[in-house]
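Throughout, a chain's letter reflects where its sequence line sits, starting with A, and its residues are numbered from 1. Because only heavy atoms are used, hydrogens play no part in the values below, and waters and symmetry mates are left out as well, while side chains stay in. Treat the numbers as computed from the prediction; the structure is a model and nothing was measured.
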Protein chains: 2
Amino acid sequence: MRESSVKEKLIGVAGRLFHKQGYNLTGINQVIEEADIARGSMYNHFQSKTDLLIAYLEQFQEEWFRSLEEFLRPITDPKKRLLALFEYRIRRQQRAEFSGCPFTKISAEIGNEEAEVLKTVQKFKDSVRSYIAGLVAQVKHRNILTNEALTEMIYLMMEGGLVSAAIYKNPGDLKRGKKIVEQFL
Amino acid sequence: MRESSVKEKLIGVAGRLFHKQGYNLTGINQVIEEADIARGSMYNHFQSKTDLLIAYLEQFQEEWFRSLEEFLRPITDPKKRLLALFEYRIRRQQRAEFSGCPFTKISAEIGNEEAEVLKTVQKFKDSVRSYIAGLVAQVKHRNILTNEALTEMIYLMMEGGLVSAAIYKNPGDLKRGKKIVEQFL
DNA sequence: GTCTATAAGATGATAGAC
DNA sequence: GTCTATCATCTTATAGAC
């Protein structure tokens with residue numbers, strides 16, 4: 001097998017399992033078995049399970065934003081783009097059976113000593129927040145709130161909606177959040 | 001030891017560890033050792049680790065609302081009571097070193113088959129939402145949003161703020177969320 | 001680089017003595 | 001009801017052959 005495709009396969013399988021079952025409930029054994037790669041090979045490519053986790057998170061972030069850009073490309077109106085960001089998250093949750101935001105989920109699963117993982121999660125959240133701020137800046141909204149406050153509100157309602165989607169296993173709160181945000185644009 | 005105090009001690013120790021270290025990262029071994037109770041005794045009181053978890057969550061919910069009522073008792077103005085609910089959560093997060101909402105955290109840690117645990121989490125979230133709705137109903141607010149929408153907004157921003165507190169290990173977003181909510185009251 | 005065998009310990013849970 | 005000894009399995013990670 002190609003050198004890189006071993007890595008890719010491990011990240012792919014591990015990511016799917018981490019996402020679906022949870023990080024702590026997924027053992028290295030299961031990952032290597034389903035990826036059909038030997039234990040030693042895995043540890044040749046990744047120093048530790050944490051290392052594999054971080055590789056997965058970094059790849060996920062890349063894919064997430066790439067896929068978002070694609071989803072928003074046909075939409076030009078900034079208002080509609082902002083609402084489409086909600087829609088993007090709703091659809092991803094539906095496809096993932098409402099497992100919640102993978103980054104948030106991981107942050108709840110890791111131990112207090114895993115500082116690097118937490119930093120990776122923070123980096124993703126920072127990027128999402130910046131993305132929202134960028135869209136808000138382009139919207140000529142109703143000015144009930146400042147740009148900063150509107151950004152904060154949207155970010156928090158999205159985070160809250162994602163948590164709620166995972167807890168109730170439905171997109172209700174995300175959809176209601178989207179509707180409320182719509183009233184401010 | 002009194003029959004009930006064995007149970008209480010186990011719930012207390014387990015709860016503290018589940019909260020601080022995470023549920024999956026806390027073994028039964030550590031719980032019984034720190035509680036100074038024999039393995040067999042623990043399984044005499046609780047059928048399983050999941051059983052202990054649910055007992056902890058139920059006790060936590062009881063304590064949480066009892067403590068909230070106490071915190072709000074001196075405040076009469078419904079507006080101030082709503083903002084004090086934010087303050088209550090900020091203070092609890094500060095005391096708990098920003099470990100996030102225990103119920104949300106647990107929902108991210110458990111496996112897909114633990115339906116009863118998820119129901120316990122939902123019950124808590126339902127109660128919080130109802131509590132917010134009750135306060136909103138008493139407020140003569142600025143009517144930018146309906147009571148239902150305002151309740152939803154506050155609930156989602158609070159949930160989002162709690163997640164954010166856990167990820168960034170600071171109360172920034174919870175405080176900013178509180179300020180935004182204030183503008184609607 | 002890939003593999004198998006194995007280490008060293010932790011996991012949740014049970015059996016059976018007292 | 002409380003205890004200790006033990007089960008069977010799983011955990012992450014490493015050593016060393018090829």
**Q** Heavy-atom nearest nucleotide on DNA chain D for Ala38(B) versus Gln30(A): which residue maps closer to 5'?
**A**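 Closest to the 5' end, via its nearest nucleotide, is Ala38(B).
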**Q** Under 4.0 Å: is that the gap between some side-chain N or O of Ser41(B) and OP1 or OP2 of dG1(D)?
**A** no
**Q** Quick one: Asn24(B) CG to dT12(D) C1', roughly how many Å, whole number?
**A**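 Whole-Å distance recorded here is 16 Å.
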**Q** How do Asn44(B) and Ile28(A) order along DNA chain D: which one's closest nucleotide is nearer the 5' end?
**A** Asn44(B)
**Q** Nearest whole Å is fine: how far is dA10(C) P from Tyr23(B) OH?
**A**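 Those two atoms, OH and P, are 19 Å apart.
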**Q** Over how many whole Å does the gap from Leu25(A) atom CG to dA10(C) atom P extend?
**A** 19 Å
**Q** Would you indicate what Thr26(B) reaches in the nucleic acid, counting non-hydrogen atoms under 4.0 angstrom: base, sugar-phosphate, or nothing?
**A** sugar-phosphate
**Q** Can we say Asp173(B) and Arg129(A) salt-bridge, meaning some charged N sits less than 4.0 Å from an Asp/Glu carboxylate O?
**A**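 Arg129(A) and Asp173(B): salt-bridged.
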**Q** How close or far is atom P of dA10(C) from atom CD of Gln21(B), stated in whole angstroms?
**A** 13 Å
**Q** Which nucleotide wins on minimum distance to the side chain of Tyr43(A), given the candidates dT2(D), dT4(C), dT14(D)?
**A**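 Taking heavy atoms from C-beta onward, the closest nucleotide is dT14(D).
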**Q** Please determine whether the number of non-hydrogen atoms from other residues, nucleotides or ligands lying under 6.0 Å from atom CD of Gln47(B) exceeds 12.
**A** no
**Q** Would you call Leu72(B) and Tyr131(B) a side-chain contact if the rule is heavy atoms closer than 4.5 Å?
**A**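 Yes, their side chains come closer than 4.5 Å.
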**Q** Using side-chain heavy atoms (C-beta onward) and a distance below 4.5 Å, is Asn112(A) in contact with Gln21(B)?
**A** no
**Q** Whether Asn29(A) contacts dC10(D) is assessed here as follows: a side-chain N or O lying under 4.0 Å from the phosphate OP1 or OP2. Is that the case?
**A** no
**Q** Please give, in whole Å, the distance from dT14(D) P to Phe46(A) CZ?
**A** 15 Å
**Q** Map Gly40(B) and Lys49(B) onto DNA chain C by nearest heavy atom, then report which one ends up closer to the 5' terminus.
**A** Lys49(B)
**Q** To the nearest Å, give me how far apart CD (Glu33(B)) and C1' (dT4(D)) are.
**A**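 Atom-to-atom, Glu33(B) to dT4(D), this comes out as 15 Å.
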**Q** In whole Å, what is the span from the CD1 atom of Ile37(A) to the C1' atom of dT4(C)?
**A** 16 Å
**Q** Roughly how far, to the nearest 0.5 Å, is OG of Ser48(B) from OH of Tyr43(B)?
**A**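 One gets 7.5 Å once the value is rounded to the nearest 0.5 Å.
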**Q** Whole angstrom is fine here: how far is it from CD1 in Ile32(B) over to C1' in dT4(D)?
**A** 11 Å
